[in-house]
Amino acid sequence: MEAGALIIFALLVLFAFLGLGVWAAVKVVGAAKRGVDRTITQARRTVEDTALRAKSLGQVGVPGALAQLRLDLRTSMRATQQALYQGVQTDASLKESIGLFERLSAHGHELDEELKRLEQEPDRRRIADGLPELRERTAKITEASDSLRWAARDRARRFAQDDLTALSEQIEMESGALRDWSRESVDDLAAAAEAAGATGATGGAAAGDGAPAAGPRPAALNPSAPAAHYPWQKTPRPEATT
């Protein structure tokens with residue numbers, strides 16, 4: 001029975017370690033996959049932004065205007081997203097701003113997809129007629145995005161300035177305390193040296209006269225405390241004399 005129980009326990013431990021190993025492997029694979037996906041997404045965005053920048057500079061008319069609108073929209077939204085998600089790590093009050101930005105992002109994605117479809121539209125005249133409305137929508141979204149971003153940055157800058165001001169005041173107070181402590185220490189040392197010199201001179205004169213020093217003897221620096229007597233202790237007996 002004992003041998004069987006030990007075998008069952010060993011098997012359970014083995015299965016537990018195997019399960020932990022499989023779980024760790026799945027977590028590692030998942031993290032690696034997310035890292036690869038993130039890298040691919042960033043690379044795709046970089047390539048697309050580079051293409052849009054080239055179109056906005058190298059093409060004229062409707063294609064260049066559409067590329068510029070998409071580039072302005074994507075640049076503003078990405079900068080605001082980075083500012084908010086980095087700021088919320090130290091300022092929890094930005095969560096509400098992130099909620100507003102997510103709602104704004106829905107409109108931004110919708111407009112970006114529409115501009116992307118219009119790049120393939122062959123009817124350039126019709127697109128040209130709709131450019132004023134597209135510019136107005138892009139301006140509304142980018143202005144709202146910029147407003148959130150600059151508000152978050154101003155808030156972080158104000159907090160940093162307030163913290164620096166409070167820290168400077170504390171340092172000034174501590175510096176003043178250190179200076180006062182240093183002066184008091186020097187004064188105390190000087191007074192102690194003068195007292196020691198006067199005491200030495202008096203003692204030397206008394207020793208030269210051969211007369212005993214008058215007055216009570218000074219107490220020791222660390223006098224021994226008298227032994228405590230407790231009621232349950234026996235009174236010591238005097239030694240017998242012969």
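Side chains are part of it too, since the values below use all heavy atoms of this structure and drop only hydrogens, waters and symmetry mates.
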Verify, without hydrogens or angle tests, whether S76 (side chain) and L73 (backbone) share a donor-acceptor contact under 3.5 angstrom. no
Show the nearest heavy-atom pair for residues T142 and A139, with the distance to one decimal. OG1-O, 3.1 Å
Apart from L167 itself, what residues make up its hydrophobic cluster when side-chain heavy atoms of I, L, V, M, F, W and Y under 4.5 Å apart count as a link, directly or indirectly? I171
For residues 97-112, please give each side-chain donor-acceptor pair under 3.5 Å, one per line with the distance, not counting sequence neighbours.
unit_1	atom_1	unit_2	atom_2	d
E102	OE2	Y85	OH	2.3
S105	OG	F101	O	2.8
D112	OD1	R70	NE	3.0

If you measure from CD on E114 to OG1 on T138, what distance do you get to the nearest 0.5 Å? 9.0 Å
Over all heavy atoms of both residues, which pair between R135 and L69 is shortest? Give the atoms and the distance, please. CG-CD2, 3.9 Å
Group every Ile, Leu, Val, Met, Phe, Trp and Tyr by side-chain heavy-atom contacts under 4.5 Å, then state whether W150 and I141 land in the same group. no
Smallest heavy-atom separation, R124 atom then P63 atom, equals CZ-CG, 4.1 Å
Pairwise side-chain contact, D91 with R155, heavy-atom cut-off 4.5 Å (strictly under): yes
Crowded around E96 CD? As in, over 12 foreign heavy atoms under 6.0 Å? no
With sequence neighbours left out, write down each residue that passes salt bridge (charged side-chain N to carboxylate O under 4.0 Å, His left out) with D123, or none if nothing qualifies. none
What heavy-atom pair brings A83 and R153 nearest, and what distance separates the two atoms? CB-NE, 4.3 Å
Test: R126 and D129 ion pair at under 4.0 Å: no
Please confirm whether the backbone N or O of M77 pairs with a side-chain atom of T80, one donor and one acceptor, at under 3.5 Å? no
Has S147 got a side-chain atom pairing as donor or acceptor with E143's backbone, closer than 3.5 angstrom? no
